[in-house]
Amino acid sequence: MPEIPSNPPTGYLIVAVSTAQNAIPLENALVTVYSIDENNQQNLVYTTRTNASGQTPALPLAAPPAANSLEPGSSRPYARYAVTVAREGYQPVSTSDLTVFADIIATLPVYLVPLEEDVSSPAVPQQRDLPSHSLNP
């Protein structure tokens, strides 16, 4: 009988939200985290808010085993996630293709830009693309 691991591989994500150039941490920003499957479909994983320091707690996220990164040709060693951050009075930001590795705490800095005074809230978040890396197939 195969052994079932008692603790599935987990990575962690902290989202740190502030105004541009990290000037002021933004409390109470809505942070939504989605997993991205093999078909590029997004599935809701977390919805949380930032604290007085502008950060979420460390969010545990499913990730493939670290052993996948030890040999070329192994399965993908990371899980893919997307994050959207919104706060009243600011342009929302959406980040896709965030990579999470088992046993690693990643911090995603997000800088929100204030809206002009006569704009209530934009419907479409500003898309922020992360740089590609050599681990993508």
Side-chain angles (χ1 to χ4, degrees):
M1 176 176 223
E3 187 175 317
I4 299 173
S6 59
N7 295 320
T10 303
Y12 298 87
L13 175 65
I14 297 171
V15 181
V17 183
S18 64
T19 57
Q21 297 182 4
N22 208 20
I24 302 169
L26 291 174
E27 183 177 12
N28 207 31
L30 178 64
V31 176
T32 308
V33 180
Y34 303 89
S35 63
I36 302 174
D37 66 20
E38 304 80 34
N39 300 319
N40 287 326
Q41 297 297 311
Q42 294 186 2
N43 301 299
L44 178 65
V45 179
Y46 286 105
T47 299
T48 188
R49 293 205 177 258
T50 55
N51 61 20
S53 298
Q55 294 186 346
T56 64
L59 304 171
L61 299 170
N68 287 5
S69 65
L70 300 178
E71 293 183 30
S74 295
S75 297
R76 185 178 289 179
Y78 57 86
R80 295 172 53 218
Y81 289 89
V83 176
T84 299
V85 178
R87 186 170 188 273
E88 187 175 337
Y90 292 83
Q91 171 72 41
V93 172
S94 180
T95 301
S96 61
D97 229 6
L98 176 69
T99 53
V100 173
F101 293 84
D103 304 323
I104 302 290
I105 299 173
T107 300
L108 176 66
V110 176
Y111 307 113
L112 297 183
V113 176
L115 294 172
E116 296 178 23
E117 288 185 27
D118 60 343
V119 177
S120 59
S121 181
V124 178
Q126 173 188 8
Q127 180 64 37
R128 176 179 147 191
D129 295 321
L130 297 175
S132 61
H133 50 76
S134 61
L135 295 175
N136 283 337

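Computed over heavy atoms, backbone and side chain alike; hydrogens, waters and symmetry mates excluded.
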Closest contact, heavy atoms only, D97 versus I36: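 The pair with the smallest heavy-atom distance is N-CD1, 3.8 Å.
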
Heavy-atom closest pair, residues P64 and A102: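 Closest approach of P64 to A102, heavy atoms only: O-CB, 3.3 Å.
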
Residue pair V45, L61: steps toward the side-chain contact (heavy atoms from CB on, under 4.5 Å) verdict: CA-CA 8 Å; V45 179; L61 299 170; 3.9 Å; yes

Transitive ILVMFWY side-chain link L112 to L98, under 4.5 Å: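 Shared cluster, yes.
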
Cluster overlap L30 with L13, hydrophobic side-chain contacts below 4.5 Å: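 Shared cluster, no.
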
Step-by-step side-chain contact (heavy atoms from CB on, under 4.5 Å) determination, Y111 to T19: CA-CA 5 Å; Y111 307 113; T19 57; over 6 Å; no

Would you say [X] and [Y] make side-chain contact, with heavy atoms under 4.5 Å?
X: T10; Y: Y12; answer: yes
X: P65; Y: P9; answer: yes
X: P60; Y: Y46; answer: yes
X: T32; Y: L44; answer: yes
X: R80; Y: N40; answer: yes

Main-chain N/O of A29 paired with T50 side-chain donor or acceptor, under 3.5 Å: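 Indeed, once roles are kept as given, a pair shorter than 3.5 Å links the two residues.
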
Y90 side-chain N/O to V85 backbone N/O, donor-acceptor pair under 3.5 Å: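 The answer is no, because no donor-acceptor pair under 3.5 Å joins these two groups.
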
[atom1]/[X] to [atom2]/[Y] distance, rounded to the nearest 0.5 angstrom?
X: Y34; Y: T84; atom1: OH; atom2: OG1; result: 5.0 Å
X: S53; Y: E27; atom1: OG; atom2: CD; result: 8.5 Å
X: Q55; Y: T107; atom1: CD; atom2: OG1; result: 7.0 Å
X: S18; Y: I24; atom1: OG; atom2: CD1; result: 9.0 Å
X: R87; Y: L115; atom1: CZ; atom2: CG; result: 11.5 Å
X: T95; Y: L108; atom1: OG1; atom2: CG; result: 5.0 Å

Trace of the side-chain contact (heavy atoms from CB on, under 4.5 Å) decision for V15 with V83: CA-CA 9 Å; V15 181; V83 176; 4.2 Å; yes

Intermediate values then yes/no, side-chain contact (heavy atoms from CB on, under 4.5 Å), Y78 and V100: CA-CA 5 Å; Y78 57 86; V100 173; 6.0 Å; no

